[in-house]
Amino acid sequence: MGVPVATEILNYYDLSEEELRGPYYKRSGRCNCGKLLLFTLAGMAVAIPLALAYQLAINYIPFIYVNVLLTLGLGFCGGAMGVLILNKSKCRNFGIDMLVGLLLGTWMLWLSWGVLVSLLVKEIPIFAAMRPDMIMAVAGKVMEPGTNYLTIRSIEITGLGLITVWGIEALLILGTSLAAVLAMKSETTFCESCQKWTKRIFTSRHLQTCPDIEFICEKLESRDFAALLALEPVTTDTEYTLITIDSCDCGKTFLLTVSNDTITVDGKGNESVKKLEFLRNFYITQEEMNQISSTLKPAL
């Protein structure tokens, strides 16, 4: 029973770009495992000085808000490094994306705890301090009352309170690392023909807001671009339709995205953009791309 399934999987990975894709882009699930392993090991090595700097800063900066920002920053660094690793490995697999994000977050957290143990017990070298039994033993000691390891507003945090603080730290680092990977990777698309990531080649001017989203989508999916090309430019910067096209170096992949954007301003004057992408990464031909870019004109 296992042979047909295995054959089906092997056949899937032999498919061409045309056979793989439907009307919308989706990840192939492929990845260069050799490069993934190599770049992951390199990333783990780079994480060592980052974790060291983080724990030193946390240990000597007494301000709780700064500590929280540093914790989020460490998690973001792990996520950004994960995205670099995944892109270099040409990874188009959601599960591997998650695994790398969690792996780097866990590694940086473990390193930082090892540094903490080494700082608290000067006689223990850093790599010996990373042993789980050593971390647990030192953690048990600092949780006892009277150690003054952590105080907040002159109140000593011990026992369950300290475990809660460490738990929050772990969640922030792991959660930020994973969220950063997933957020940044969700914006990337890949051409299976030339084996390269796509890049933005066209962004339209602000166009009048599409009044009937379902109608536009139905027309585009039937390869009728007349309704989209009929959208007129607008001068308002608060509500508009935006069209973008991504492509690759070989010119075989063109991906169309259409969104209705709304800009709001809060009481402090800060602007935020709410995007409604009602057509995302839709495959178009080079002729269709030329028609869109020549008719609608790019943003200045």
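As the structure is a computational prediction, the values presented were derived from the model and not from experiment.
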Practice item. Name all pairs fulfilling the side chain to side chain donor-acceptor pair (under 3.5 Å) condition that reach into residues 102-113, sequence neighbours left out, sorted by first residue then second. Key: Trp113-Glu169
Check your understanding: Does atom CZ of Phe76 have more than 12 heavy-atom neighbours, drawn from other residues, nucleotides or ligands, at distances under 6.0 Å?
Key -> no
Review point. If you round to the nearest 0.5 Å, how far is CG of Asp261 from NZ of Lys275?
Key: 3.5 Å
Point to revise | Any donor-acceptor pair under 3.5 Å from Gln195 side chain to Glu192 backbone | key: yes
Exercise for review: Flag the pair Cys248 / Ser193 as yes when at least one side-chain heavy-atom distance between them is below 4.5 Å, and no otherwise.
Suggested key: no
Review point. Any idea which heavy atoms bring Gly43 and Ile85 closest together, and the distance?
Key: CA-CD1, 4.1 Å
Point to revise | Hydrophobic cluster identity match, Val273 and Leu242, side-chain contacts under 4.5 Å | key: yes
**Study point:** Side chain Thr241, main chain Gln208, donor-acceptor under 3.5 Å
**Key:** yes
Review point. For the residue pair Arg92 and Cys31, what are the closest heavy atoms and their distance?
Key: NH1-N, 4.3 Å
**Study point:** Leu229 vs Gln291, side-chain contact (heavy atoms from CB on, under 4.5 Å): CA-CA, chis, key distance, verdict
**Key:** CA-CA 9 Å; Leu229 297 176; Gln291 184 183 21; 3.4 Å; yes
**Study point:** Minimum-distance pair of heavy atoms, taken over all atoms of Leu279 and Leu220
**Key:** CD2-CD1, 3.4 Å
Exercise for review: Determine the interplanar angle of the Tyr240 and His206 rings, folded into 0 to 90°, and report it as parallel if under 30°, tilted if 30 to 60°, perpendicular if over 60°.
Suggested key: parallel
Practice item. Mind listing the closest non-hydrogen atom pair of Met98 and Leu182 along with its distance? Key: CG-CD2, 3.8 Å
Exercise for review: Would you check if Ile168 and Thr71 make a side-chain contact, meaning some heavy-atom pair closer than 4.5 Å?
Suggested key: no
Check your understanding: When you check the side-chain N and O atoms of Glu221 and Tyr24, is any donor under 3.5 Å from an acceptor?
Key -> yes
Exercise for review: Return the minimal non-hydrogen interatomic distance between Ala170 and Leu109, and the atom names on each side.
Suggested key: CB-CD2, 3.5 Å
Check your understanding: What distance do Arg27 atom CZ and Ser186 atom OG have between them, rounded to the nearest 0.5 Å?
Key -> 7.5 Å
Check your understanding: Does the Thr189 side chain pair with the main chain of Thr198, one donor and one acceptor, at a distance under 3.5 Å?
Key -> no
Review point. Is Met44 linked to Ile48 within one hydrophobic cluster, defined over Ile, Leu, Val, Met, Phe, Trp and Tyr using a side-chain heavy-atom separation of less than 4.5 Å?
Key: yes
Study note, to complete from the structure: In short, Gly105 meets Ile173 closest at the heavy-atom pair O-CG2, 3.6 Å
Check your understanding: Would you call Phe254 and Ile201 a side-chain contact if the rule is heavy atoms closer than 4.5 Å?
Key -> yes
Revision key, fill the gap. With sequence neighbours left out, the residues meeting side-chain hydrogen bond (donor to acceptor under 3.5 Å, both in side chains) with Ser294 are none
Study note, to complete from the structure: One should read off an interatomic distance between Leu99 CG and Asn93 CG, to the nearest 0.5 angstrom, of 9.5 Å
Practice item. Please confirm whether the backbone N or O of Thr203 pairs with a side-chain atom of Thr244, one donor and one acceptor, at under 3.5 Å? Key: no
Check your understanding: Residues in side-chain hydrogen bond (donor to acceptor under 3.5 Å, both in side chains) with Lys196, at least two apart?
Key -> Asp249
Check your understanding: In terms of side-chain heavy atoms, does Ser222 have a donor or acceptor partner in Asp224 at a distance below 3.5 Å?
Key -> no
Check your understanding: Judged by atom type as modelled, is there a donor-acceptor pair below 3.5 Å linking the side chain of Ser247 to the main-chain atoms of Thr253?
Key -> yes
Check your understanding: Mind checking whether Ile213 and Leu276 have side chains closer than 4.5 Å, heavy atoms only?
Key -> yes
Review point. Below 4.5 Å, heavy atoms only, C-beta onward: do Pro23 and Tyr283 meet side chain to side chain?
Key: no
Practice item. Taking atom types as modelled, find out whether Asn87 and Lys185 have a side-chain donor-acceptor pair closer than 3.5 angstrom. Key: yes
Point to revise | Sidechain-backbone polar pair: Lys252 side chain, Cys194 backbone, donor-acceptor under 3.5 Å | key: no
